[in-house]
Undergrad: 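Would you mind keeping the following structure in view while I ask a few things?
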Amino acid sequence: MTVSRETTPPPAAHELFGDRLAPMGAYADRLATDGVERGLIGPREVPRLWERHLVNCGVVLPRVPEGCTVADVGTGAGLPGLVWAIARPDLQVTLIETLQRRTIFLQEVVDQLELANVRVLRSRAEDVREQYDVVTARAVAPLARLARWCLPLVAPGGVLLALKGRSAQDEVDRDGAVLRKLGARSIVVTTYGPQDDPTTVVEVAR
């Protein structure tokens with residue numbers, strides 16, 4: 001498939017993904033075509049696919065330790081898990097998703113790009129019995145509910161990286177006590193990427 005004009009990577013993507021830009025572009029193309037047709041992303045997202053989704057997820061990668069295991073809970077179309085796996089072959093990424101149509105799409109992308117560092121797992125987070133160095137989720141649920149699903153999956157010494165919007169601090173203020181009861185040692189709100197349009201992350205250490 002040819003990447004359409006709307007999915008042409010911006011300069012920020014070249015700088016961020018470097019020699020992994022080609023496979024990232026192939027993933028962007030699948031999102032802009034099959035992803036829209038299968039209802040994984042809305043058609044209005046296509047013109048801002050790189051900035052709002054791929055780059056938005058990728059700027060968090062400096063926070064992810066080298067060679068670690070990662071679980072992306074409720075990964076949907078693969079955000080941020082597939083972005084991280086494509087950009088960082090050193091990571092071992094598990095994409096956790098309940099809906100079959102999404103897991104089929106994810107497996108197709110994994111096979112197309114020959115991503116040996118990715119496993120697609122159709123499951124609810126509550127039913128997963130493994131633990132990971134890093135657990136992440138993007139726009140899945142309010143923080144307290146998300147923590148109930150995700151913190152049991154975080155290995156001792158690991159971290160939950162919840163990609164949130166501008167209300168992240170309000171969620172922490174509201175749900176911090178719940179997170180601490182669930183085993184959080186520290187809760188920090190951090191931003192990554194450009195100051196005018198940062199990615200806001202709630203970092204919960206266990």
Side-chain angles (χ1 to χ4, degrees), residues 12-13 16-17 24 27-28 30-32 35-36 38-42 44-46 48-64 68-88 91 93-99 101-103 105-106 109-110 115 118-126 128 132-151 153-154 158-172 175 179 187-194 197-205:
L16 181 61
F17 298 123
M24 198 69 70
Y27 173 44
R30 289 297 296 265
L31 287 173
V36 173
R38 300 186 193 187
L40 275 70
I41 67 166
R44 293 182 180 180
E45 296 303 305
V46 172
R48 51 189 181 180
L49 190 57
W50 281 96
E51 290 88 346
R52 182 166 181 172
H53 297 289
L54 306 184
V55 172
N56 180 270
C57 292
V59 293
V60 183
L61 278 168
R63 178 61 181 84
V64 182
C68 73
T69 57
V70 176
D72 182 7
V73 173
T75 186
L79 303 165
L82 261 182
V83 173
W84 292 6
I86 294 168
R88 292 272 302 276
L91 303 176
V93 179
T94 298
L95 305 175
I96 301 173
E97 174 56 51
T98 59
L99 293 182
R101 64 183 174 85
R102 293 175 180 169
T103 58
F105 171 82
L106 294 168
V109 175
V110 169
L115 299 174
V118 180
R119 177 173 63 131
V120 179
L121 179 61
R122 186 184 176 198
S123 176
R124 299 188 312 160
E126 304 96 302
V128 178
Y132 305 85
D133 302 316
V134 176
V135 177
T136 188
R138 182 177 189 253
V140 170
L143 191 56
R145 192 190 318 162
L146 186 68
R148 291 189 182 96
W149 295 338
C150 293
L151 279 179
L153 305 184
V154 180
V159 65
L160 166 63
L161 301 179
L163 279 63
K164 288 286 187 178
R166 299 183 185 276
S167 63
Q169 188 60 57
D170 293 336
E171 290 196 55
V172 170
D175 299 334
L179 269 63
I187 308 167
V188 178
V189 178
T190 310
T191 58
Y192 296 89
D197 189 23
T199 301
T200 303
V201 180
V202 179
E203 304 185 9
V204 184

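The figures that follow rest on heavy atoms only: side chains count, while hydrogens, waters and symmetry mates do not.
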Undergrad: List for me each residue that meets salt bridge (charged side-chain N to carboxylate O under 4.0 Å, His left out) alongside Arg52, sequence neighbours excluded, and say none if there are none.
TA: Glu45

Undergrad: Please give me the minimum heavy-atom distance between Val154 and Val159, naming the atom from each residue.
TA: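 Heavy atoms only, the tightest pair is CG1-N, 3.3 Å.
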
Undergrad: Roughly how far, to the nearest 0.5 Å, is the CG atom of Leu146 from the CZ atom of Arg138?
TA: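 One gets 13.5 Å once the value is rounded to the nearest 0.5 Å.
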
Undergrad: Residues in salt bridge (charged side-chain N to carboxylate O under 4.0 Å, His left out) with Arg148, at least two apart?
TA: none

Undergrad: Would you mind reporting whether Pro80 and Leu163 have side-chain heavy atoms less than 4.5 Å apart?
TA: yes

Undergrad: Any chance you could measure Trp84, atom CH2, to Leu161, atom CG, to the nearest 0.5 Å?
TA: 5.0 Å

Undergrad: Applying side-chain contact (heavy atoms from CB on, under 4.5 Å) between Val128 and each of Thr94, Val73, Val135, Leu121, report the one that passes.
TA: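 It is Leu121; the other options fail the test.
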
Undergrad: Heavy atoms only: give me the nearest Ala87-Phe17 pair and the separation to one decimal.
TA: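 For Ala87 versus Phe17, the nearest heavy atoms are CB-CD2, 3.9 Å.
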
Undergrad: Minimum heavy-atom separation for Thr98 and Ser123, please, with both atom names.
TA: CG2-O, 3.3 Å

Undergrad: On a heavy-atom basis, which atom in Thr199 and which in Asn56 lie closest, and how many Å separate them?
TA: OG1-O, 2.7 Å

Undergrad: Can you name the residues that form a salt bridge (charged side-chain N to carboxylate O under 4.0 Å, His left out) with Arg122, not counting sequence neighbours?
TA: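 Arg122 satisfies salt bridge (charged side-chain N to carboxylate O under 4.0 Å, His left out) with no residue once adjacent residues are dropped.
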
Undergrad: Got a sec, which residues hit salt bridge (charged side-chain N to carboxylate O under 4.0 Å, His left out) with Arg63, two or more places apart in sequence or on another chain?
TA: Glu203

Undergrad: So which heavy atom on Val118 is nearest to which on Ala85, and how close?
TA: CG2-CB, 3.3 Å

Undergrad: Can you find a side-chain donor-acceptor pair between Thr69 and Asp133 that sits under 3.5 Å?
TA: yes

Undergrad: Say you draw a straight line from CG of Leu115 to CD1 of Ile86; how long is it, rounded to the nearest 0.5 Å?
TA: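 Answer rounded to 0.5 Å: 5.5 Å.
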
Undergrad: Measure the spacing between CZ of Arg102 and CG of Leu95 and express it to the nearest 0.5 Å.
TA: 13.0 Å

Undergrad: Tell me, please, which residues at least two apart from Pro194 pass side-chain contact (heavy atoms from CB on, under 4.5 Å).
TA: Asp196

Undergrad: Under 4.5 Å between any side-chain heavy atoms of Thr75 and Val140, yes or no?
TA: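 With C-beta onward as the side chain, the pair stays apart.
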
Undergrad: Could you check Leu54 against Leu79 for side-chain contact (heavy atoms from CB on, under 4.5 Å), going step by step and ending with a plain yes or no?
TA: CA-CA 8 Å; Leu54 306 184; Leu79 303 165; 4.0 Å; yes

Undergrad: Quick one: pull up OG1 in Thr200 and OH in Tyr192 and give me the separation to the nearest 0.5 Å.
TA: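 Nearest 0.5 Å value for the OG1-OH distance: 11.0 Å.
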
Undergrad: Give a yes or no on whether the backbone of Leu61 and the side-chain of Arg88 come within a donor-acceptor separation of less than 3.5 Å.
TA: yes

Undergrad: Working to the nearest 0.5 Å, report the span between CD1 of Ile96 and SG of Cys150.
TA: 8.0 Å

Undergrad: Where is the tightest heavy-atom contact between Met24 and Val83, given as atom of each residue plus distance?
TA: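 Here Met24 and Val83 meet closest at CE-O, 3.5 Å.
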
Undergrad: Output all residues satisfying side-chain hydrogen bond (donor to acceptor under 3.5 Å, both in side chains) with Arg38, sequence neighbours left out; order by chain, then residue number.
TA: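 Residues passing side-chain hydrogen bond (donor to acceptor under 3.5 Å, both in side chains) with Arg38: Glu108.
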
Undergrad: Do Leu31 and Leu40 have side-chain heavy atoms sitting under 4.5 Å apart?
TA: no

